[in-house]
Undergrad: 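This is the structure I want to talk about, given as structure tokens.
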Amino acid sequence: MSRQAGRFGDPRKVSAELFTLTYGSLIAQLMKDYENDVEVNKQLDKMGYNIGIRLIEDFLARSNVGRCHDFRETADVIAKVGFKMFLGITPAVTNWSPAGDEFSLILENNPLTDFVELPEGHSSLSYSNMLCGVLRGALEMVQMDVDVRFVQDQLKGDNITEIRLKFIKRLEDAVPAGED
């Protein structure tokens, strides 16, 4: 096993690079299928949402974090545990709204955009929009309705990548009809 690690480098880095390249292929296929950046963004959000509602179980099982008591605690867990666990980065949590119901995640480097340049004519494409869907889906599964969107993106010439999360409401546990 040590010979393989020496020959191919760190297996986690190889996996991250493979994921990045695979994600790029997914984007290219979506662009062929939909030919419209807005529709591609919707599809990425939808796919991310479906991943997020499943990923939260793995996150909770592996992280051993308990229930967060407020949105600030949730933000810290997302940045320091979630992003670190799944993407190997720790974004900064900043730009809190005065009401404490909105914040930004600042990504100095976005692993999804390694080796990527947006093609001409696709300035409205949110290449990493799947992250917004993942966050929205995962937080919905822990009874938080949030709005998640990109505010700045390095692929579009901004200095940083900024994802904005806004708490909308706490979701009540729904009891299936007829089971109350």
Undergrad: With the threshold set at 4.0 Å, does a side-chain nitrogen-carboxylate oxygen contact exist between Glu162 and Lys156?
TA: no
Undergrad: Report yes if the side chains of Tyr23 and Asp114 come closer than 4.5 Å at any heavy-atom pair, otherwise no.
TA: no
Undergrad: Does Lys42 reach the side chain of Tyr34, with side-chain heavy atoms less than 4.5 Å apart?
TA: no
Undergrad: For a quick check under 3.5 Å, do Ser128 and Asn110 share a side-chain donor-acceptor pair by atom type?
TA: yes
Undergrad: Tell me which one of Asp147, Val93, Leu105 satisfies side-chain contact (heavy atoms from CB on, under 4.5 Å) with Leu165.
TA: Leu105
Undergrad: Supply the atom-to-atom distance His122 NE2 to Met31 CE, rounded to the nearest 0.5 angstrom.
TA: 3.5 Å
Undergrad: Can you measure from CG (Asn50) to CG (Leu55) and round to the nearest 0.5 angstrom?
TA: 12.0 Å
Undergrad: Can you tell me how far apart OG (Ser126) and CD1 (Ile163) are? Round to the nearest 0.5 Å.
TA: 10.5 Å
Undergrad: Counting only heavy atoms not in Glu39 (residues, nucleotides, ligands), do more than 12 fall under 6.0 Å from its CD?
TA: yes
Undergrad: Output the distance between atom CE (Met144) and atom OG1 (Thr74), rounded to the nearest 0.5 Å.
TA: 4.0 Å
Undergrad: Which pair of non-hydrogen atoms, one from Asp101 and one from Lys166, has the smallest distance, and what is that distance?
TA: OD2-NZ, 3.1 Å
Undergrad: Leu60, Leu139: one ILVMFWY side-chain cluster at the under-4.5 Å cut-off?
TA: yes
Undergrad: Is there a side-chain contact between Thr22 and Leu26, using heavy atoms and a 4.5 Å cut-off?
TA: no
Undergrad: Report the distance from atom CG of Leu107 to atom CG of Asn109, rounding to the nearest 0.5 Å.
TA: 7.5 Å
Undergrad: Should we say atom CZ of Arg67 is surrounded by more than 12 heavy atoms from elsewhere, each under 6.0 Å from it?
TA: no
Undergrad: Looking at every heavy atom in both Tyr127 and Leu112, which two are closest together, and how far apart are they?
TA: CE2-O, 3.3 Å
Undergrad: Are the side chain of Glu102 and the backbone N or O of Asn95 linked by a donor-acceptor pair below 3.5 Å?
TA: no
Undergrad: Would you call the rings of Trp96 and Phe71 parallel, tilted or perpendicular, where under 30° means parallel and over 60° means perpendicular?
TA: perpendicular
Undergrad: If you look only at pairs with a residue in residues 127-140, which of them pass as a salt bridge (Lys or Arg N to Asp or Glu O under 4.0 Å), with sequence neighbours excluded?
TA: Asp45-Arg136
Undergrad: CG of Leu125 to CG of Leu118: how many Å apart, nearest 0.5 Å?
TA: 5.5 Å
Undergrad: Does Glu108 CD have over 12 foreign heavy atoms under 6.0 Å away?
TA: no
Undergrad: For Phe167 and Phe103, I'd like to know if the aromatic rings sit close, meaning centre-to-centre distance below 6.0 Å.
TA: no
Undergrad: Is there side-chain contact between Val116 and Ile27, with at least one heavy-atom pair below 4.5 Å?
TA: no
Undergrad: For Val77 and Cys68, work out which heavy atoms get closest and say how close.
TA: CG2-SG, 3.8 Å
Undergrad: More than 12 non-hydrogen atoms from neighbouring residues, nucleotides or ligands closer than 6.0 Å to CG on Asn159, yes or no?
TA: no
